[in-house]
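Notes follow the structure.
Proteins come first, then strands; the chains are lettered A, B, ... in the order of their sequence lines, and each starts at number 1. The structure presented is a predicted model; accordingly, all values stated were derived computationally and were not measured.
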Amino acid sequence: MITDDRTTDVSTTTPDAAGPPPPIRKIVVDAPPTVAPAAHTPVGHAATGGAPAHVRGEPGPERMALGGLSVFYGDNEAVKSVSLSIRLGEVLALIGPSGCGKTTLLRTLNRLTELTPGARRDGTILLEGTDIDALEVTTLRRRVSMVFQQPNPFPMSIFDNVAYALREQARKRPGRAVVEPLVEDALRRAGLWDEVKDKLDAPALRLSGGQQQRLCIARAIATRPEVLLMDEPCSALDPRSTLVIEQLIGELRQDLAIVIVTHNMQQARRVGDKVAFMYLGDLVECGPAEQIFDAPQAQRTRDYVRGAFG
Amino acid sequence: MLERLRQPWPDRRAELLLGALACAVLLIIVLMVVFVAREAWPTFRHNGLSWLGPGGNVDSQIGTMVNGGRDFHLRAWPLVWGTVLTTGLAVAFGLAFALLASIFIVEFAPDRLRAIIVPVVRLLAAVPSVIFGLIGILVLVPFVGNHIVTAGQKKSVEFVVQLSGASLLVATVILTVMIVPIMIAIIVDALYAVPRTWKEGAVALGVNRWRAMWTVSVRAARPAIIAAAVLATARALGEAIMLSMVSGSVGFAPNPFDGPLFLLEPLRPLAATIVEDAESLQAPAVRSSVYAFALLLLFSSLFLSLAGFLAKQPMKKYGARI
Amino acid sequence: MAVATRPPKRHESIATWRWGDRIAFALCWAAGIGLCLIAALIVGYMAIRGIQYLKPSLLWSHPSGEVDQSNSGGFLDPILGTVLLTIIGIGIATPIAVATAVWVVEYGRPSWLARAVESGIEVVAGTPDIVLAIFGLALFQQGLFGWMSFTAEGGAVFGRSFLTAGAMMSLIALPMVYGNTREGLQAIPRHVREASYGLGKTRIATIRRVLLPAVKPNISTGAALGMGRIAGDTAIVVVLLGATLRLESEGSVPGANVLKGTGSTLTSYVYNNSPAGEGNAAEKAYAAAFVLLLVVVALNFAVDLLARRGAQTGLEGTRLGAGR
């Protein structure tokens, strides 16, 4: 992995007063990020400084299908009849201004909205053809994992954190010998193995913010879910950690379907294969990233991408 | 002169005065240890370490002292053992009960039931110990004496003790009920204070509600659970009035090897002994012995505070909230 | 707007849980329900017996002189005793506790001393009341404190009186008042103090004029809690107040003679009339215990009210609050 040691000279790009949208600022990290390549061949890197860091392959089979999904908090309709398809090998980025319902939509996918009193749902959500209401909710959440905005490692050791789901979900608590290889695999896929392999029993809360978030990702993927939901995973992190995690997403999508909510348009462009733009609960437009950002079809999308609001 | 007092005081003088009052608290503690130790010293000097050991009937020993005997001979083991038994059993059962009830309150209780339970816990915590003792001695003790203890059992030990129903069983049951509200208040506060993100994270990993609560919230609240146990132990150690009413007032050391009879045997913990011998303090031997009991209790509660503080330290590193 | 057709499934089905988890779930429910049942039984039983045996005449007639109470006499003196002891105890505890809390929060120099005082209060809070009682006896039997209780001709100080019992009761109430006051003071944001200092007020003036009025609800709550504990305490009364059923004054100075004298409180009355004491009048014991329970419940209720009112009329309601 080679990265150029250069920063874009911002002063040469002067924004036009009333013309084309302001250029996307490019920030390049000058030290090579420490994501281990592991078993996967790295698919493109930050050498090109901010351009999409992965090659978009063919999306795989459909994992989840949303049909006319509406979510109500009391009388307030937070999500209005959204239909989407989530496929293996594809990163679906949900973008939109605050309050547009993207986080609510995400949390509905693993029925986390049921924790909120007064929340109701309408429409269908299918996981591999099965209605998620027909599934036992704990089973659903093993197949659809989530990473939160604030890194939230449990107050345990690193090993215990990653092994947590593996141990708690089994009928009989598996021994350490059974769990160890799975933990190592998850940490490798999350790009954290090299940094923590010597201190697996250290408290997880001692890690830095970016490491904690990668630990949460490892924890979420340890049970080999089919879909990974990410709720603004980088918004609490510094740019270097953000970049590392974005690269991680690019590698992880080969085994998973990923849905990521982000308020950062540039990030959506970098990591997203398909982008869905939501506004006030409505799904305004959904399509490949290039289309949404370069040739949006709806006027509202055009305004948002241009920065006219949000 | 009065004028000077009326004018706003300079900060320095106010600080010194307030500080002196604050230090009065420390002074009281020092005085307490000094006075109690001074009064207790003669019996320790006479008996040495075997004061704590068994040997003879402690009641008759105290009896001879009350009657003016100058002999300081005392073997307080039955009293110590009685204290250990009641406190240990009550805290063990009480902690389990309080933990389960706290989890119920925080996680499983329907909203209306929760609104009832919280004031109920506060109410139970406020009930004076003499009322617990009254119910014990007028209701539970006769019940145990008449319905649980069989005539055969009574006969089998009648040369040693009377099985009247005032027993370890009643004492432990009531003491458990007395210390449970204290523990529930502390543990519930701690469980509520666990950050929501941890709970959400556990649930999002497909773990059921009980497991999420047990493996994450309870684990994070371990320092509070220890604090609750320490507080409850201190309370149980010092309980004098209720125990003197229901435990049998006999300086007998219940023998665990007696089988089921073990729970039905009477006893008398240290604090209860102090209350019952408080009238006879003119006799110097009694006085010294009673103060020795008090000293033992004092040191135990001091030690408990220290132990609780030390036990919480290693938990800090895992990020559990203190 | 679409009509919701599916009701939300809030609870996961317990059928999928492991056996151990299901047992734990059942135990939690059992503990919760059991707690309510026990409380209901205690309060209910006391209420039944109390109503059965409590006659209003008991509340204002003096205890008869005999040891056996079952035939005559009421418990006016014990009630007076409880009231008197509570007043003395809280009267001593509140100024000391508030002063200590103020010193720890506002001054607190040197810091090791402040921490020692904090620990000291915790030690006092954890000390059993019987130990405090015995200590009080040892302390107040010194000749130095002869003025507090009965002194015999030979110089032997009795050591038992309302004053001495009240002094020890104050130690029981002290941690409660201290804790609440300290929390209240710590909850006041810094900018309030800084505003006062900015106006040129000294620290003590700030405390007197600004901070203390703001924490009055906290002090009241702490005092109510302390009074509850004092009213319910028996051990100190039994040891330090002597065993006279009636108020027996000591000395000739009116007012002070009652304080120096002995008597009884509701708690010691209940204790003495139970089979554990000498009176052996269970009906009187039940009646007095019922009254005691009512007093304690009323105090508890007052604490709730004060706490809620304090929250409403906290700093936000004063002119110094943020929401003007």
Just so I understand: if I count every heavy-atom pair under 4.5 Å between each of [options] and chain B, which residue has the most?
options: C:Glu106, C:Arg109, C:Arg229; answer: C:Arg109
options: C:Val43, C:Ile42, C:Leu132; answer: C:Ile42
options: C:Val124, C:Asp304, C:Leu113; answer: C:Asp304
options: C:Cys36, C:Ala114, C:Ala125, C:Ala116; answer: C:Ala116
options: C:Leu299, C:Val239, C:Leu137, C:Val102; answer: C:Leu137

Please look at [X] and chain C and tell me whether the side chain, the backbone, both or neither of the residue comes under 4.5 angstrom of a heavy atom of that chain.
X: B:Val141; value: neither
X: B:Phe132; value: side chain
X: B:Arg38; value: side chain
X: B:Ala109; value: neither
X: B:Arg114; value: neither
X: B:Val275; value: both
X: B:Val246; value: neither
X: B:Leu231; value: neither
X: B:Leu26; value: side chain
X: B:Val33; value: neither
X: B:Leu99; value: neither
X: B:Leu21; value: both
X: B:Arg211; value: side chain
X: B:Val230; value: neither

Could you report the tightest heavy-atom contact between [X] and [Y], atom names first, then the distance?
X: C:Pro128; Y: B:Gly238; result: CB-CA, 3.2 Å
X: C:Gly232; Y: B:Pro128; result: O-CB, 3.4 Å
X: B:Leu100; Y: C:Ala24; result: CD2-O, 4.4 Å
X: B:Ala278; Y: C:Arg160; result: O-NH2, 3.3 Å
X: B:Phe108; Y: C:Trp29; result: O-CZ2, 3.9 Å
X: C:Asn300; Y: B:Arg122; result: ND2-O, 3.6 Å

Heavy-atom side-chain proximity of B:Met245 to C:Ser274 below 4.5 angstrom:
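Answer yes - side chains close enough.
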For residues C:Met46 and B:Leu134, determine if any side-chain heavy atom of one lies less than 4.5 Å from a side-chain heavy atom of the other.
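Yes, their side chains come closer than 4.5 Å.
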Working to the nearest 0.5 angstrom, can you tell me the gap between [X] [atom1] and [Y] [atom2]?
X: C:Thr202; Y: B:Arg12; atom1: OG1; atom2: CZ; answer: 14.0 Å
X: C:Tyr286; Y: B:Leu138; atom1: OH; atom2: CG; answer: 4.0 Å
X: B:Ile131; Y: C:Leu266; atom1: CD1; atom2: CG; answer: 9.5 Å
X: B:Trp210; Y: C:Phe25; atom1: CH2; atom2: CZ; answer: 10.5 Å
X: B:Leu302; Y: C:Ser119; atom1: CG; atom2: OG; answer: 11.0 Å
X: C:Thr127; Y: B:Met32; atom1: OG1; atom2: CE; answer: 4.0 Å

Taking B:Leu18's backbone N and O only, do any of them form a donor-acceptor pair with C:Tyr107's side chain (distance below 3.5 Å, no angle check)?
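No, the answer is negative, given that no donor and acceptor are paired below the 3.5 Å cut-off.
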Please state whether the side chain, the backbone, both or neither of [X] comes within less than 4.5 Å of a heavy atom of chain B.
X: C:Leu171; answer: side chain
X: C:Val296; answer: side chain
X: C:Phe290; answer: neither
X: C:Leu174; answer: side chain
X: C:Tyr45; answer: side chain
X: C:Asp233; answer: neither
X: C:Ile38; answer: side chain
X: C:Asp21; answer: both
X: C:Val104; answer: neither

Considering residues, nucleotides and ligands other than B:Phe303, do more than 12 of their heavy atoms fall under 6.0 Å from its CZ?
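No, CZ of B:Phe303 has 12 or fewer neighbouring heavy atoms, counting only those of other groups under 6.0 Å.
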For the candidates [options], which exhibits the highest count of non-hydrogen atom pairs separated by less than 4.5 Å from chain C?
options: B:Arg287, B:Met242, B:Met213, B:Glu276; answer: B:Arg287
options: B:Leu297, B:Leu123, B:Leu113, B:Ile137; answer: B:Ile137
options: B:Val180, B:Val25, B:Val120; answer: B:Val25
options: B:Val36, B:Leu295, B:Leu124; answer: B:Leu124
options: B:Ala101, B:Ala234, B:Ser129; answer: B:Ala101
options: B:Val127, B:Ile116, B:Ile28, B:Leu237; answer: B:Ile28

Does this structure show an ion pair linking C:Arg203 with B:Glu15, if we count only N-O contacts that are shorter than 4.0 Å?
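Result for this pair is no, no salt bridge flagged.
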Run the numbers on C:Leu41 and B:Ile135 for side chain to side chain contact (heavy atoms under 4.5 Å, CB included), then give the verdict.
CA-CA 10 Å; C:Leu41 280 173; B:Ile135 295 187; over 6 Å; no
Kindly determine whether C:Trp103 and B:Leu17 satisfy side chain to side chain contact (heavy atoms under 4.5 Å, CB included), including the steps that lead there.
CA-CA 9 Å; C:Trp103 182 81; B:Leu17 180 67; over 6 Å; no
